[in-house]
Structures are given as structure tokens and as C-alpha cells.
Amino acid sequence: MAKASSVQKNILRQKLIEKFKEKRNNLKNKIRDKNISIEDRIKFQNKLNDLPRNSSSIRYRNRCKLTGRARGNYRKFGLSRIKVRELSMTGDLPGMIKSSW
């Protein structure tokens, strides 16, 4: 089980990402626009830098929905490798069967 503070911090990041998503995208498009003068692009870059760090989507961490484990996650299930194995062995994950050859 992951620390509760780490899981809560990640939830806060997700909320900030959603809140500032449109604003970040607009600023990034203006920065990439070559028709705008370099001084204006620098101003847009400074505005982007003033936004909260945790509003960047790169800071979000995929975590297991059950345990909060940060490593070894399957995106398809939203679970860590350990929970995927446990749930598939008990038959709680539909479509997963034990492989043998």
C-alpha cells in the first residue's frame, strides 16, 4: 500500500491538470507560432512558467487504483502487476485466464 499522502498529491495534480489544460495549450500554441515576434513569445513563455508546476501533465503519475502502487502498472486495467495477478488467479478479472503450454 502506498503512502496516502502520495496518492492524495497525485489526485491534486490531476485536478490542477484539468483546471489549467486549456490555458497551457493556448500558451504553448502561441509560443510555437513563428509569426509572432520573439519578444511576445518570450512573454508567453514567462506566463507559462508562472502557472503551477503541478498543472503540467508530465508530473502526473499512473498509480494502481486499489493499492496506489506507482510502478508496474497496466494502463488497460489501472492496476499494478501484483493486483492483476491476484485478481486473475481468483477469477475476478474477466477475460484473463492462466496460460499454460
Side-chain angles (χ1 to χ4, degrees):
M1 199 66 190
K3 287 172 45 177
S5 62
S6 299
V7 175
Q8 290 301 317
K9 193 184 304 181
N10 211 36
I11 292 170
L12 173 70
R13 284 183 180 142
Q14 184 64 37
K15 290 178 184 175
L16 280 174
I17 290 167
E18 291 299 319
K19 181 178 178 182
F20 288 100
K21 187 175 189 174
E22 190 66 32
K23 191 171 189 178
R24 290 185 78 85
N25 286 337
N26 288 337
L27 287 171
K28 285 182 181 183
N29 289 334
K30 290 177 183 176
I31 291 167
R32 288 190 205 116
D33 188 7
K34 301 296 182 187
N35 297 328
I36 299 175
S37 68
I38 191 73
E39 293 84 14
D40 290 338
R41 288 167 55 194
I42 291 172
K43 288 178 187 174
F44 291 134
Q45 181 65 48
N46 289 335
K47 286 183 182 179
L48 184 65
N49 291 342
D50 290 339
L51 294 178
R53 280 188 179 178
N54 284 336
S55 67
S56 175
S57 62
I58 198 73
R59 292 177 70 95
Y60 179 74
R61 182 75 183 199
N62 287 335
R63 291 187 172 269
C64 176
K65 303 293 185 222
L66 297 178
T67 62
R69 181 179 168 86
R71 295 179 176 211
N73 285 302
Y74 288 92
R75 289 183 185 188
K76 183 175 183 178
F77 303 111
L79 301 172
S80 68
R81 59 184 175 81
I82 298 163
K83 283 296 172 184
V84 167
R85 185 171 189 272
E86 287 176 4
L87 294 174
S88 62
M89 290 296 182
T90 59
D92 293 335
L93 269 181
M96 294 284 290
I97 56 171
K98 185 176 178 183
S99 173
S100 63
W101 62 91

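Phe20 CZ to Leu48 CG: the interatomic distance, rounded to the nearest 0.5 Å, is 11.5 Å. Rounding to the nearest 0.5 angstrom, the gap separating the CZ atom in Arg71 from the CZ atom in Arg61 is 6.0 Å. To the nearest 0.5 Å, the span separating OG on Ser56 from CZ on Arg13 amounts to 10.0 Å. Residue Ile11 holds its CD1 atom at 8.0 Å from OH of Tyr60, rounded to the nearest 0.5 Å. Summarising the geometry, atom NZ belonging to Lys9 is positioned 7.0 Å from atom NZ belonging to Lys3; distances are rounded to the nearest 0.5 Å. Here Asn26 contributes atom CG and Ile31 contributes atom CD1; the two are 11.0 Å apart, rounded to the nearest 0.5 Å.
The residues Lys15 and Glu18 are annotated as not salt-bridged, no charged nitrogen and carboxylate oxygen being separated by less than 4.0 angstrom.
Other residues, nucleotides and ligands contribute only 12 or fewer heavy atoms inside 6.0 Å of the CZ atom of Arg85.
Under the 4.5 Å side-chain contact rule for hydrophobic residues, Val7 and Leu66 do not share a cluster. Under a hydrophobic clustering in which Ile, Leu, Val, Met, Phe, Trp and Tyr are joined whenever their side-chain heavy atoms come within less than 4.5 Å, directly or via other members, Leu93 and Tyr74 fall into the same cluster.
The shortest side-chain heavy-atom distance between Leu87 and Met96 does not fall under the 4.5 Å cut-off. Looking at heavy atoms from C-beta onward, Ile42 lies out of side-chain contact with Glu39 at the 4.5 angstrom threshold. Side-chain contact between Lys47 and Lys23 is absent, with no heavy atoms from C-beta onward closer than 4.5 Å. The shortest distance between side-chain heavy atoms of Arg24 and Ser57 does not fall below 4.5 Å. Taking the side chain as every heavy atom from C-beta outward, Leu27 and Leu51 approach each other to under 4.5 Å.
Contact record, Gly68 with Ala2: O-CB, 3.3 Å, taken as the closest heavy-atom pair. Nearest heavy atoms, Thr67 versus Lys83: CG2-CE, 3.4 Å. Considering all non-hydrogen atoms of both residues, Arg41 and Lys34 come closest at NH2-NZ, 3.5 Å. Contact detail for Ser80 and Cys64: the closest heavy-atom pair is N-SG, 3.4 Å. Of all the heavy atoms in Ser55 and Pro52, the pair that sits closest is OG-O, 2.6 Å.
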- Item | Val84 and Arg81: CA distance, side-chain angles, deciding distance, side-chain contact (heavy atoms from CB on, under 4.5 Å) verdict | CA-CA 5 Å; Val84 167; Arg81 59 184 175 81; 5.6 Å; no

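Although no hydrogens or angles enter the test, the distance criterion places a donor-acceptor pair under 3.5 Å between the side chain of Asn29 and the main chain of Asn25.
Judged by distance alone, the side chains of Gln14 and Asn10 never bring a donor and an acceptor atom under 3.5 Å apart.
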